[in-house]
Amino acid sequence: SPPPARMEARTHLQLGSVLYHHTRNGDQARGHLEKAWLISQQIPQFEDVKFEAASLLSELYCQENSVDTAKPLLRKAIQISQQTPYWHCRLLFQLAQLHTLEKDLVSACDLLGVGAEYARVVGSEYTRALFLLSKGMLLLMERKLQEVHPLLTLCGQIVENWQGNPIQKESLRVFFLVLQVTHYLDAGQVKSVKPCLKQLQQCIQTISTLHDDEILPSNPADLFHWLPKEHMCVLVYLVTVMHSMQAGYLEKAQKYTDKALMQLEKLKMLDCSPILSSFQVILLEHIIMCRLVTGHKATALQEISQVCQLCQQSPRLFSNHAAQLHTLLGLYCISVNCMDNAEAQFTTALRLTTHQELWAFIVTNLASVYIREGNRHQELYSLLERINPDHNFPVSSHCLRAAAFYIRGLFSFFQGRYNEAKRFLRETLKMSNAEDLNRLTACSLVLLGHIFYVLGNHRESNNMVVPAMQLASKIPDMSVQLWSSALLRDLNKACGNAMDAHEAAQMHQNFSQQLLQDHIEACSLPEHNLITWTDGPPPVQFQAQNGPTTSLASLL
């Protein structure tokens with residue numbers, strides 16, 4: 001029989017583990033785990049009990065918001081676990097994750113670098129790749145692009161050269177390709193990303209055909225996996241939705257969102273992993289933007305409410321997505337012509353975000369609000385100076401820089417400076433055509449068409465408006481279709497084409513009716529009250545009301 005100290009430590013660990021995982025009795029769980037950790041440190045070669053106690057205890061401290069107690073505990077466990085490769089790597093991952101949650105990405109990257117070097121020394125190229133890919137992910141979050149490129153190149157070589165369990169190899173490849181795809185999408189390079197995205201989709205199909213191999217790796221440092229393959233499948237759907245949304249393939253985005261959400265619902269019945277709720281929120285954020293473009297404001301509003309409910313269940317989820325939530329409400333407010341509320345929502349979102357790309361996206365949309373209001377020149381000039389695409393643009397995103405040119409073109413158009421507007425819009429077209437940014441292309445074409453119409457150049461106007469209409473129908477973008485059909489009606493009237501003018505007028509009438517009906521439905525929903533929420537956590541419930549009276553002039 002084992003010596004009493006070993007038995008006592010193991011019993012405390014087992015009791016602490018059961019209490020931690022299956023009850024809400026944190027005090028008792030902590031007491032047992034602290035005893036297990038204390039006793040096991042006095043016993044030589046008792047690694048499993050010692051380090052599992054340290055790992056669970058630090059998790060418990062974090063749950064109780066005692067992060068400053070968890071960190072020294074993990075550091076000590078890391079220090080004394082160097083002869084136990086599995087636990088040493090696991091504890092390094094755990095402390096790196098803790099620093100990441102605290103947004104101390106520099107410390108997290110340092111730890112992951114230490115882990116990668118340790119894995120190399122103990123002969124685990126697989127876990128070395130996991131450490132390096134994790135570090136690459138954090139460097140992307142920090143926008144340290146000069147460090148990301150050589151690191152991803154090294155990761156690619158390690159992944160290709162590693163010969164081991166096929167599922168582990170493919171999961172490394174998925175991790176690597178997800179980083180590459182998100183890097184391209186962050187840079188707004190929708191066309192350039194296509195080969196990587198295709199590889200990623202093929203890779204996940206390969207994984208879904210492979211059976212889990214029960215043979216354990218011979219190297220204990222290899223006993224890790226990145227994500228379960230079901231989670232990876234949802235993640236690949238998610239990055240595909242992100243790509244379709246940026247490219248303006250909105251029906252495709254809808255199709256993949258539906259598939260991903262269906263799979264998420266099934267997974268959430270069996271698995272309470274917080275990453276699933278994060279996936280769900282990000283999917284909803286993208287599909288909400290699709291709905292607003294395609295003229296389904298009421299559905300978008302109900303989905304915004306769904307995001308609020310998910311964020312109510314998790315403070316961490318809310319702190320990570322509060323800025324995006326207010327940004328979506330700002331976009332909804334624009335769509336129902338509540339410009340004061342839109343301004344309040346975007347201002348709130350700017351206060352809550354430190355993410356440079358999101359900041360630039362919000363500022364671009366806030367500038368469009370000031371342009372529509374027509375009397376906010378001082379604020380507008382100040383904003384446009386901060387997102388000047390001709391020099392010192394604050395982010396590397398190709399897509400956002402093209403959008404900044406469009407906003408400048410729109411402002412110049414409203415000021416009657418048509419030659420300047422044409423210069424900005426041609427720049428937008430050049431950039432959007434280079435990366436297949438279909439929605440920006442459609443918006444730029446219809447605005448150029450409007451400028452040529454105002455200048456009396458009907459042929460050139462027609463050359464712009466007809467492809468704008470075709471592209472907008474393909475997306476489908478309801479606002480651009482409404483605008484294009486009004487211009488086609490007026491162009492054909494001016495050119496004496498009565499039948500074409502009548503057909504365009506009928507199209508315009510149909511789009512107007514659809515948008516008006518959707519507008520009334522959205523504003524009558526109790527969730528419409530969300531447009532006044534600018535502080536604190538999301539409201540828990542909504543009182544039914546008719547909603548504020550809003551001007552429909554911009555729609556008709």
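Keep in mind that what you see is a predicted model, and the values were worked out from it rather than measured. The basis for the numbers below is simple: all heavy atoms, side chains too, and nothing from hydrogens, waters or symmetry mates.
- With His450 as the fixed residue, the ring-ring contact (aromatic ring centres under 6.0 Å, His included) test singles out one of Phe413, Phe414, Tyr418: Phe413.
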Report, one line per pair, each donor and acceptor closer than 3.5 Å where one atom sits in a side chain of residues 188-196; sequence neighbours left out.
unit_1 : atom_1 : unit_2 : atom_2 : d
Ser192 : OG     : Glu435 : OE1    : 3.4
Ser192 : OG     : Glu435 : OE2    : 2.7
Lys194 : NZ     : Asp436 : OD2    : 3.3

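- Partners of Thr532 under the side chain to side chain donor-acceptor pair (under 3.5 Å) rule, at least two apart in sequence or in another chain, do not exist in this structure.
- Shown here is Gln514, whose CD atom has more than 12 heavy atoms of other residues, nucleotides or ligands within 6.0 Å.
- Considering only residues two or more places apart in sequence or on other chains, Glu303 meets the salt bridge (Lys or Arg N to Asp or Glu O under 4.0 Å) condition with Arg291.
- By the side chain to side chain donor-acceptor pair (under 3.5 Å) test, Arg439 is found to be paired with Asp477, residues two or more places apart in sequence or in another chain being considered.
- Heavy-atom contacts from other residues, nucleotides or ligands closer than 6.0 Å to CD of Glu373 number more than 12.
- For residues 378-407, the pairs satisfying ring-ring contact (aromatic ring centres under 6.0 Å, His included) are Tyr381-Phe411, with sequence neighbours left out.
- Remark: Lys474 engages no residue in a salt bridge (Lys or Arg N to Asp or Glu O under 4.0 Å) (not counting sequence neighbours).
- Residue pairs meeting the ring-ring contact (aromatic ring centres under 6.0 Å, His included) criterion with at least one member in residues 279-330, sequence neighbours excluded, are His326-Trp533.
- Take Gln201 and apply the side chain to side chain donor-acceptor pair (under 3.5 Å) test, not counting sequence neighbours, and it matches Thr240.
- Each salt bridge (Lys or Arg N to Asp or Glu O under 4.0 Å) pair with one or both residues in residues 505-526, not counting sequence neighbours, appears once here: Lys297-Asp518.
- Between His528 and Tyr332, the distance from one ring center to the other falls under 6.0 angstrom.
- Partners of Glu160 by salt bridge (Lys or Arg N to Asp or Glu O under 4.0 Å), not counting sequence neighbours, listed by chain and number: Arg173.
- Of the possible polar contacts, none joining the Gln345 side chain to the Cys333 backbone as a donor-acceptor pair under 3.5 Å is found.
- With salt bridges taken as basic N to acidic carboxylate O contacts below 4.0 Å, none links Arg408 and Glu427.
- If you check the side chains of Asp104 and Ser107, you find a donor sitting under 3.5 Å from an acceptor.
- Scanning for salt bridge (Lys or Arg N to Asp or Glu O under 4.0 Å) contacts around Arg423 gives Asp390, with sequence neighbours left out.
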Side-chain atoms of residues 348-355: list all donor-acceptor pairs with protein atoms under 3.5 Å, sequence neighbours left out, distances to 0.1 Å.
unit_1 : atom_1 : unit_2 : atom_2 : d
Thr348 : OG1    : Ala344 : O      : 2.8
Thr353 : OG1    : His355 : N      : 3.0
His355 : ND1    : Glu357 : N      : 3.3
His355 : ND1    : Leu358 : N      : 3.1
His355 : NE2    : Arg143 : NH2    : 2.9

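- By the neighbour-count criterion of 12 heavy atoms within 6.0 Å, atom CD of Gln517 is sparsely surrounded, having that number or fewer from other residues, nucleotides or ligands.
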